[in-house]
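On a predicted model such as this, the values are computed, not experimentally measured, just so you know. Residue numbering restarts at 1 for every chain, and letters A, B, ... go by the order of the sequence lines.
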There are 2 protein chains.
Amino acid sequence: MRIGEVADRTGVANRMLRYYEEQELLTPGRHRNGYRDYTESDVRRVETIRDLSASGVPTRFIKIVLDRQADAGAWTSKCDAILADMVRCQIAELDSKISCLTTSREALRSFLDEATLERTVRASAG
Amino acid sequence: MRIGEVADRTGVANRMLRYYEEQELLTPGRHRNGYRDYTESDVRRVETIRDLSASGVPTRFIKIVLDRQADAGAWTSKCDAILADMVRCQIAELDSKISCLTTSREALRSFLDEATLERTVRASAG
DNA sequence: CTTGACCTTCACATCAATGTCAAGGTTTAG
DNA sequence: CTAAACCTTGACATTGATGTGAAGGTCAAG
């Protein structure tokens with residue numbers, strides 16, 4: 001499929017799809033006329049990139065993970081441990097981010113609830 | 001406490017602490033000599049900012065969240081509805097962010113699991 | 001054949017988050 | 001008194017992720 005449809009389906013701007021390609025996170029095929037040609041698998045990949053990127057994971061790192069995913073068999077013993085540690089570290093960071101966001105969310109939520117209650121009370125009292 | 005200690009304790013660069021202050025996310029006191037003076041509560045605030053920021057939450061938004069947390073009682077009747085909508089909107093954004101992070105976490109997790117399995121198999125086979 | 005909606009590349013602009021450096025004040029230790 | 005290690009403000013540079021626009025190719029519909 002062409003770039004426009006991918007952009008529509010993933011919510012990732014046209015421009016960014018080219019950018020990700022430039023960063024070698026993505027390698028869509030080409031039609032004879034030069035248009036990029038994305039597969040369903042590409043779309044899934046874009047969604048992953050979109051999410052990781054929005055989570056503050058740097059594209060360099062995304063690339064590494066995605067590359068490893070491609071040839072899951074090609075771990076060279078030497079780098080295995082290092083990469084695994086990196087991933088574990090990122091997961092830990094994500095965990096801490098999630099809990100932080102959740103806390104913030106809860107704070108806003110309870111704030112909103114209190115405020116709504118406040119207004120309700122005021123409304124029924126006035 | 002002075003800025004250097006805050007930087008050491010939070011891992012947030014000196015420069016960024018000033019930046020956050022400039023963006024009104026933080027308002028440390030001042031010593032007589034002009035040095036910034038941070039409280040323990042400031043440190044906790046910095047940690048929140050650090051995590052939210054690392055999660056890709058823009059500082060503008062962080063400011064709003066933090067502000068709301070601060071003056072939970074200060075709703076003026078006129079703005080109630082508007083403010084409530086804003087907060088609801090922000091909660092929605094946090095929600096989407098959280099699910100995004102969770103998805104990313106799962107992706108990394110399963111990647112790591114597969115890789116580990118792979119190595120285990122290879123190890124016991126070789 | 002023309003028009004409009006796509007697509008291409010290339011380049012420049014912007015914005016937020018940072019690094020870095022200069023010039024100078026303060027405090028503490030020797 | 002001086003040197004080292006802090007701190008201050010201010011300015012400028014960089015980097016990554018984006019927007020935007022120009023100049024032009026492709027294709028389908030009328």
Using nucleotides 10-14 of chain C, report all nitrogen or oxygen pairs with the protein that are shorter than 3.5 Å.
none

**Message:** Can you pull out the residues from residues 25-45 of chain B that lie within a 4.0 Å heavy-atom distance of DNA chain C?
**Reply:** B:Asn33, B:Tyr35
Under 3.5 Å, which donor-acceptor pairs do the side chains of residues 10-18 of chain A form with other protein atoms, sequence neighbours left out?
unit_1: A:Thr10; atom_1: OG1; unit_2: A:Val6; atom_2: O; d: 2.8
unit_1: A:Thr10; atom_1: OG1; unit_2: A:Val12; atom_2: N; d: 3.2
unit_1: A:Asn14; atom_1: OD1; unit_2: A:Arg18; atom_2: NH1; d: 3.3
unit_1: A:Asn14; atom_1: OD1; unit_2: A:Arg18; atom_2: NH2; d: 2.9

**Between C1' of C:dT9 and CD1 of A:Ile3, the distance in whole Å** = 12 Å
**Prompt:** Using the C1' atoms of five pairs at each end, what's the angle between the two axes of the helix from C:dC1-D:dG30 to C:dG30-D:dC1, to 10 degrees?
**Reply:** 0°
**Item:** Distance, rounded to the nearest Å, where A:Asn14 contributes CG and C:dC6 contributes P
**Value:** 11 Å
**Request:** Begin with the C-alpha distance, continue with both residues' side-chain angles, and end with the deciding distance and a verdict on side chain to side chain contact (heavy atoms under 4.5 Å, CB included) for B:Val43 and B:Met1.
**Result:** CA-CA 10 Å; B:Val43 173; B:Met1 91 200 57; 3.8 Å; yes
**Fill in**
Span of DNA chain D engaged by chain A, first through last nucleotide within the 4.0 Å heavy-atom cut-off, is D:dG16 to D:dC27
**Message:** Please tell me whether A:Leu94 and A:Ile64 are part of a single hydrophobic cluster in this structure, the criterion being side-chain heavy atoms less than 4.5 Å apart.
**Reply:** yes
**Request:** Would you jot down, in residue-number order, the residues of residues 52-63 of chain A having a non-hydrogen atom under 4.0 Å from DNA chain D?
**Result:** A:Thr59, A:Arg60
**Request:** Kindly write out the residues that satisfy side-chain hydrogen bond (donor to acceptor under 3.5 Å, both in side chains) with B:Thr39, not counting sequence neighbours, or none if the list is empty.
**Result:** B:Asp42
**Prompt:** Any side-chain heavy atom of B:Tyr38 sitting closer than 4.5 Å to one from B:Ile3?
**Reply:** yes
**Message:** Is any side-chain heavy atom of B:His31 closer than 4.5 Å to one of B:Arg2?
**Reply:** yes
**Message:** My understanding is that only residues two or more places apart in sequence, or in another chain, count here; which of them pass side chain to side chain contact (heavy atoms under 4.5 Å, CB included) with A:Arg88?
**Reply:** A:Ala84, A:Asp85, B:Leu112
**Item:** Rounded interatomic separation in angstrom, taking CG from A:Leu17 and P from C:dT9
**Value:** 13 Å
**Message:** Are A:Lys97 and B:Lys97 packed together at the side-chain level, in the sense that at least one heavy-atom pair is separated by less than 4.5 angstrom?
**Reply:** no
With a cut-off of 3.5 Å and sequence neighbours excluded, list every side-chain donor-acceptor pair involving residues 101-108 of chain A.
unit_1: A:Thr102; atom_1: OG1; unit_2: A:Ile98; atom_2: O; d: 2.7
unit_1: A:Thr103; atom_1: OG1; unit_2: A:Ser99; atom_2: O; d: 2.8
unit_1: A:Ser104; atom_1: OG; unit_2: A:Cys100; atom_2: O; d: 3.2
unit_1: A:Arg105; atom_1: NH1; unit_2: B:Asp95; atom_2: OD1; d: 2.6
unit_1: A:Arg105; atom_1: NH1; unit_2: B:Asp95; atom_2: OD2; d: 2.6

**Message:** If the condition is side-chain hydrogen bond (donor to acceptor under 3.5 Å, both in side chains), which residues does A:Arg44 pass it with, not counting sequence neighbours?
**Reply:** none
**Euclidean distance, atom CZ of residue B:Arg2 to atom C1' of C:dT26 [Å, nearest integer]** = 9 Å
Identify each donor-acceptor pair in which a side-chain atom of residues 20-29 of chain B lies under 3.5 Å from a protein atom, sequence neighbours left out, and give them as a table.
unit_1: B:Glu21; atom_1: OE1; unit_2: B:Arg36; atom_2: NE; d: 2.5
unit_1: B:Glu21; atom_1: OE2; unit_2: B:Arg30; atom_2: NH2; d: 3.4

**Prompt:** Could you give the distance from CD1 (A:Ile49) to OH (A:Tyr19), rounded to the nearest 0.5 Å?
**Reply:** 11.5 Å
**Message:** In whole Å, I'd like the distance from the CD atom of B:Glu24 to the P atom of C:dA16.
**Reply:** 14 Å
**Prompt:** How long is the gap from CD on B:Glu93 to CZ on B:Phe61, to the nearest 0.5 Å?
**Reply:** 5.0 Å
**Request:** Taking side chain to side chain contact (heavy atoms under 4.5 Å, CB included) as the test, write out the residues that go with B:Asp113, two or more places apart.
**Result:** B:Arg109
